[in-house]
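Structure first, commentary second.
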Amino acid sequence: MILLNNGVVMPEMVASTNGMNYSLLKDVMFAGVDNGYRAFDTARNYNNEHIVGDVINDIANEKGIKRESLFITTKLENENQIKGDIENQIDISLKNLKTDYIDLWLMHWPYPEYFVPTWKKMEEIYKTGKVKAIGISNFRERHLKELLTSGVNITPSVCQIELHPLRTSSEMVEMCRSNNIAVQSYSPLCRMIPALIKNKTLCDLEKKYDKSIAQIILKWHVQKGFCPVFKSSSPKRIKQNIDINGFTLESYEIKNIDLLDCDYKYHVESACCPGF
Amino acid sequence: MFLKRRKLIKRVAIPVVLINLIFLMIFLLSGYPITYLLIINLLCFFFGWLIYLVNRKIVYLYNEMLMVYPTKKNYRKCDLRNYDVVNLGGSEAKKLFNYQGAQVKGLNWAQPLQSLKYDLLILKNFHSVIKKEGVVILPISIENLLLVKNSSSQKTFYAKFLDPLLLTNDNFSRVGKKQKINNKYPLFYDFSNSMRLLLKVAKINLKKKECVISYPEGFKHNSLETVNWESEAKKKIEIIKEIMNFCETRNLRFVLVVLKYDEKKLKQKDHEKFCSTLKLIKAEINEEKVKMISRLSHEVLNVEGLTDYDERTAVFTKQLFDEVTQK
């Protein structure tokens, strides 16, 4: 568990729900809760916020797991930032998710010229109790610096960024840590591209610990204090991904994985947020 | 495959049968021979197939044109990351920069008749694929300095790959229905431009990329007659400054490359305007911050010992890249 700067406790691993329909999402989330996952991540742009809400209800009805036991994250989109009706947006998300609060509400992108005013509106909503924690996503150092120097009242609790062995974002992580902001890493496995699967360092660790490369990487995330937000549509892999407790990476092994960094970005950030 | 067959039955076979039934009724009632119906069917089938093939070719050509842009779909298929250099610009830049041939990790984001406004939008949309301290080349030519109007068809084209938020402030749907139709059936949605593209490609194939850099295609030398030229120039300088600042704040190196024209090929009036605008740029933009390189675009055609167009542009690109990065 990770303690956020406002006292809220966040699970150390999160399952993403991006791009899944009802039947797939139900399988994935049910497999998740069966294997101990309690945190799920969605966003308005994933076009399935309402489906996540349906499955949360199903989990409560069929598995007997109450809403309070789950940790739900959703995000505010660029279009919403431009429109400026942030108060409405949280109500829409609450309605979609069929809940009366959201555990973590993130600003999906630092949309130029809008992200600072948006943050100030998010602060107001945080005060109403509709969200337990507020955070940011896809920020770079210059965005965070601009935000923190703009007279904000609340420091973001979480920063979610693309982070994996091929992109360690050390400067951003350092900046977050110095401001007591927890780091969530999305695409934590970098979609297991060949550069990772065939990497000698990781293959050696795979043999040494008798774990899959995905498990080695997820352990690297957890030991470095990041909260990986991973996506899998296979219940088998979901079970495998949480099974990382039987071993510990040595500090030199963590450093060796750090050395794989080549600032490889899987996603085109500026295509998701023009002018990023 | 099963889904495709179902779609085919739903979208083609059922409407064809229904239309045929209606026609059959009409023919029976009016007493025309049924063989006419068969002929109509054959003609419809022939022309329908032809339109389908032409539309498919246009979609292919557009997709090929858009391959240089790291859209979410393209980028995931490709392993290359952290590009060393990208260039913007219009027709000339499109023809002159050849990174593949020069073996430089770069992307040519120029498009025919691309204005500075769209240069900025493209940079905004895709800049994150450039490495830290990577180079952004903005070629300045008569085309992007003197061209005034952005046609509405340009917007339709750029809407194919730019984020809708960049193009409009009031349409928040990320991919509108109209755009989806445009992407799938450009022949129907944007007939004139689609045909122009088809004919242009056919012409290039016929001439085998002949080494002629002509007066910018579609550029009308009298396009400035009705406007205040100096104020237009100032507006463009503001955009250049904006591009420069954009690069600076994102740790990218901005380079202005002036692609000069052979004076003899230009109309005197245009040449004068071009030179005056360049003077204004030099006065407004701090040359210490910006590397400014002048090149006569037709120099590319005179590289000794090279006859192949691709080879010449590759040599030009490599020379320019080395100069920009001071190798």
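Predicted model, so just to flag it, every value in this text is computed and none were measured. Naming: A, B, ... by sequence-line order, numbering from 1 per chain.
- Between His267(A) and Tyr75(B) there is no side-chain heavy-atom pair separated by less than 4.5 Å.
- Between the side chain of Asn82(B) and the backbone N or O of Asp263(A) there is at least one donor-acceptor pair closer than 3.5 Å.
- More than 12 heavy-atom neighbours from other residues, nucleotides or ligands sit within 6.0 angstrom of CD on Glu123(A).
- The local environment of CE in Met192(A) is crowded, with over 12 non-hydrogen atoms from other residues, nucleotides or ligands closer than 6.0 Å.
- Around atom CD of Gln103(B), no more than 12 heavy atoms belonging to other residues, nucleotides or ligands sit under 6.0 Å away.
- With hydrogens and angles ignored, the 3.5 Å screen pairs no side-chain donor or acceptor of Asp79(B) with any backbone N or O of Ile193(A).
- Heavy atoms closer than 4.5 Å to chain A are found in the side chain of Phe246(B), but not in its backbone.
- Taking the side chain as every heavy atom from C-beta outward, Arg250(B) and Phe276(A) never approach each other to under 4.5 Å.
- How far CG of Leu165(B) is from CG of Asn78(A): 6.0 Å, rounded to the nearest 0.5 Å.
- Contact record, Tyr264(A) with Cys78(B): OH-O, 4.2 Å, taken as the closest heavy-atom pair.
- Atom CZ of Arg81(B) is surrounded by more than 12 heavy atoms from other residues, nucleotides or ligands within 6.0 Å.
- In terms of heavy-atom pairs under 4.5 angstrom with chain B, the leader among Arg140(A), Glu77(A), Arg142(A) is Arg142(A).
- The two residues Asp163(B) and Cys272(A) make their nearest non-hydrogen contact at OD2-O, 4.3 Å.
- The two residues His127(B) and Ser270(A) make their nearest non-hydrogen contact at N-OG, 3.2 Å.
- More than 12 heavy atoms of other residues, nucleotides or ligands lie within 6.0 Å of CZ in Arg177(A), so this atom counts as buried by the packing criterion.
- Taking NZ of Lys131(B) as the start and NZ of Lys265(A) as the end, the distance is 12.0 Å to the nearest 0.5 Å.
- Heavy-atom minimum distance, Val268(A) versus Pro70(B): CG2-O, 3.3 Å.
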